[in-house]
Amino acid sequence: YKYIRRTFVFSMAAAILFFAFFLLILQKLPPFSADILEVIVFGGALLGMGAGLIIRYGGCTDGTEILAILINRKTGFTVGQIVLFINIFIFALYGIIFHNWHIALRSLMTYFVAFKMIDIVIEGLNELKSVMIITNKPQDIREIITNKLGLGLTIIPSIGGFSGENKEILYLIIERLDISELKEIVLKEDPSALLTIQNLHEVAYGKHLLHSMKKKRKNIFF
């Protein structure tokens, strides 16, 4: 209530009540019999999808998720990574107390699948990537990117290491689903161009940029 927001507490309470309600209902159904690997993969995927949806829409179901949300705000680690890290200690403690490392390791494997699903659901498939383009045709490619893809970019002045010539590096942030189209149009215009692509865990922006993004979701201007 104090460190996150008031509505988070109400969403969390609703999520816990629904969790308890459906747990009560599902206990009356016959158990799912399958191979251990199938249980780990599908169980972990369902667990991650459920927890990810709850967190994405402003709630949680346990204390590790609250801690993960708070740590995520202060560090570059994702919620899924933090949940997995905390559960490593929980399952290790279980193995030490009950002397049963098989269950502990299976549970850890389940949470490894779950943490990937949590991050996919929270961040979405349209994750952002940063791209730097080194080309001999910066002006032509810049016009294609801004006009055809509708993306903004930044021009970084640079000097060639061997040639000593003045060059321009194009820098932009783009959604993952648009990467293939960007590579196609850039290499078609300049087959000798070099593109470096990196994953972005988080992008912070000011009010002016936020307004531009709301007007046209696909555009990210610099």
> Quick one: are Ile144 and Glu189 in side-chain contact, heavy atoms under 4.5 Å?
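They are in contact (side-chain heavy atoms under 4.5 Å apart), so the answer is yes.
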
> Nearest 0.5 Å please: distance from the CD1 atom of Ile134 over to the OG1 atom of Thr196.
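Answer rounded to 0.5 Å: 6.5 Å.
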
> May I ask whether Phe19 and Leu17 are part of the same hydrophobic cluster, defined by side-chain heavy atoms of I, L, V, M, F, W, Y residues being less than 4.5 angstrom apart, directly or through others?
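Different hydrophobic clusters.
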
> Is Ile173 close to Lys129 at the side-chain level, that is, under 4.5 Å between some pair of heavy atoms?
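Heavy-atom side-chain distance check fails, nothing below 4.5 Å.
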
> Might you point out which heavy atoms bring Ser158 and Glu168 nearest each other, and give the distance in Å?
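It is OG-N, 4.1 Å.
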
> Would Met109 end up clustered with Phe42 when hydrophobic side chains under 4.5 Å apart are linked, directly or stepwise?
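No: no chain of side-chain contacts under 4.5 Å links Met109 to Phe42.
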
> Mark yes when over 12 heavy atoms from residues, nucleotides or ligands other than Phe77 sit less than 6.0 Å from its CZ; otherwise mark no.
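No, CZ of Phe77 has 12 or fewer neighbouring heavy atoms, counting only those of other groups under 6.0 Å.
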
> Can you name the nearest heavy-atom pair linking Asp190 to Asn136, along with the distance?
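Looking at all heavy atoms of both residues, the closest pair is OD2-N, 3.1 Å.
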
> Can you get from Leu172 to Ile185 by hopping between Ile, Leu, Val, Met, Phe, Trp and Tyr side chains that sit under 4.5 Å apart?
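Yes; tracing contacts between hydrophobic side chains, which count when under 4.5 Å, links both residues.
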
> Would you indicate whether the side-chain heavy atoms of Leu47 and Ile118 approach each other to under 4.5 Å?
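Of all side-chain heavy-atom pairs linking Leu47 with Ile118, none is under 4.5 Å.
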
> So Ile88 and Leu108, do their side chains get closer than 4.5 Å, heavy atoms only?
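Yes; the side chains approach each other to less than 4.5 Å.
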
> Side chains of Leu182 and Ile174: closer than 4.5 Å at any heavy-atom pair?
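Yes. Closest side-chain heavy atoms under 4.5 Å.
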
> To the nearest 0.5 Å, how far apart are CD1 in Ile197 and CE in Met132?
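The CD1 atom of Ile197 sits 12.5 Å away from the CE atom of Met132.
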
> How about Phe85: does its CZ atom have over 12 heavy atoms from other parts shown lying under 6.0 Å from it?
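Incorrect, the count does not exceed 12.
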
> Would you say Ile55 and Ile69 make side-chain contact, with heavy atoms under 4.5 Å?
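They are in side-chain contact.
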
> Given Phe91 and Tyr111, is the ring pair (Phe, Tyr, Trp, His ring centres under 6.0 Å) satisfied, shown in steps?
CA-CA 10 Å; Phe91 297 136; Tyr111 261 89; 5.6 Å; yes

> Determine yes or no for a side-chain-to-main-chain donor-acceptor pair under 3.5 angstrom, with Asn147 supplying the side chain and Glu143 the backbone.
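A pair under 3.5 Å: yes.
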
> For side chain to side chain contact (heavy atoms under 4.5 Å, CB included), just list the numbers for Ile133 and Val131, CA-CA rounded to whole Å, side-chain angles, deciding distance to a tenth of an Å, and then say yes or no.
CA-CA 6 Å; Ile133 304 172; Val131 182; 3.9 Å; yes

> Just verifying a value: how many Å separate Thr64 OG1 and Asn87 CG, rounded to the nearest 0.5 Å?
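Nearest 0.5 Å value for the OG1-CG distance: 5.5 Å.
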
> Please round to the nearest 0.5 Å and tell me the distance separating atom CD1 of Ile141 and atom OG1 of Thr146.
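OG1 of Thr146 is found 11.5 Å from CD1 of Ile141.
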
> How about CD1 on Ile159, more than 12 heavy atoms from neighbouring residues, nucleotides or ligands closer than 6.0 Å, or not?
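Atom CD1 in Ile159 is not crowded, with 12 or fewer foreign heavy atoms closer than 6.0 Å.
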
> Consider only side-chain heavy atoms of I, L, V, M, F, W and Y, link residues closer than 4.5 Å, and tell whether Phe8 and Leu70 are in one cluster.
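In one cluster with Phe8: Leu70, yes.
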
> Is the side chain of Glu65 donor-acceptor paired with the backbone N or O of Thr61 at a distance under 3.5 Å, no angle test?
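Checked: pair present.
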
> How close do Trp101 and Ala92 get, heavy atom to heavy atom, and via which atoms?
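Smallest interatomic distance, heavy atoms only, reads CH2-O, 3.5 Å.
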
> Just so I know, are the side chains of Ile169 and Ile155 near enough to count as touching, which here means a heavy-atom distance under 4.5 Å?
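No, their side chains stay 4.5 Å or more apart.
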
> Around Lys167, counting heavy atoms of other residues, nucleotides and ligands shown, do more than 12 lie under 6.0 Å from its NZ?
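Yes, the 6.0 Å shell around NZ holds more than 12 heavy atoms from other groups.
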
> Heavy atoms only: give me the nearest Pro191-Lys188 pair and the separation to one decimal.
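Looks like CD-O, 4.4 Å.
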
> Within this structure, what is the OG1-CG distance for the pair Thr110 and Leu105, rounded to the nearest 0.5 Å?
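Spacing of OG1 (Thr110) from CG (Leu105) equals 10.5 Å.
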
> Let me see the working for Phe112 and Phe115 under ring pair (Phe, Tyr, Trp, His ring centres under 6.0 Å), right down to the final yes or no.
CA-CA 5 Å; Phe112 182 80; Phe115 108 81; 5.3 Å; yes

> For Met49, I'd like to know if atom CE has over 12 heavy atoms of other residues, nucleotides or ligands within 6.0 Å.
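Check fails, neighbour count at 12 or below.
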
> When hydrophobic residues are tied together by side-chain contacts of less than 4.5 Å, even through go-betweens, does Leu153 share a cluster with Ile179?
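Result: yes, single cluster for both.
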
> Ignoring hydrogens, what is the shortest heavy-atom contact between Ala68 and Ile82? Give both atom names and the distance.
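That would be O-CD1, 3.4 Å.
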
> Please report the closest heavy-atom contact between His99 and Ile96, naming both atoms and the distance.
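In this case the closest contact between His99 and Ile96 is CE1-O, 3.5 Å.
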
> Does the side chain of Ser130 reach to within under 4.5 Å of the side chain of Tyr171, using non-hydrogen atoms?
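Yes; the side chains approach each other to less than 4.5 Å.
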
> For the CG atom of Asp140 and the CZ atom of Arg142, what is their distance to the nearest 0.5 Å?
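It comes to 10.0 Å.
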
> Strictly distance-based, threshold 3.5 Å: is any side-chain N or O of Arg106 a donor or acceptor partner for the main-chain N or O of Ile40?
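No, Arg106 side chain to Ile40 backbone: no donor-acceptor pair under 3.5 Å.
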
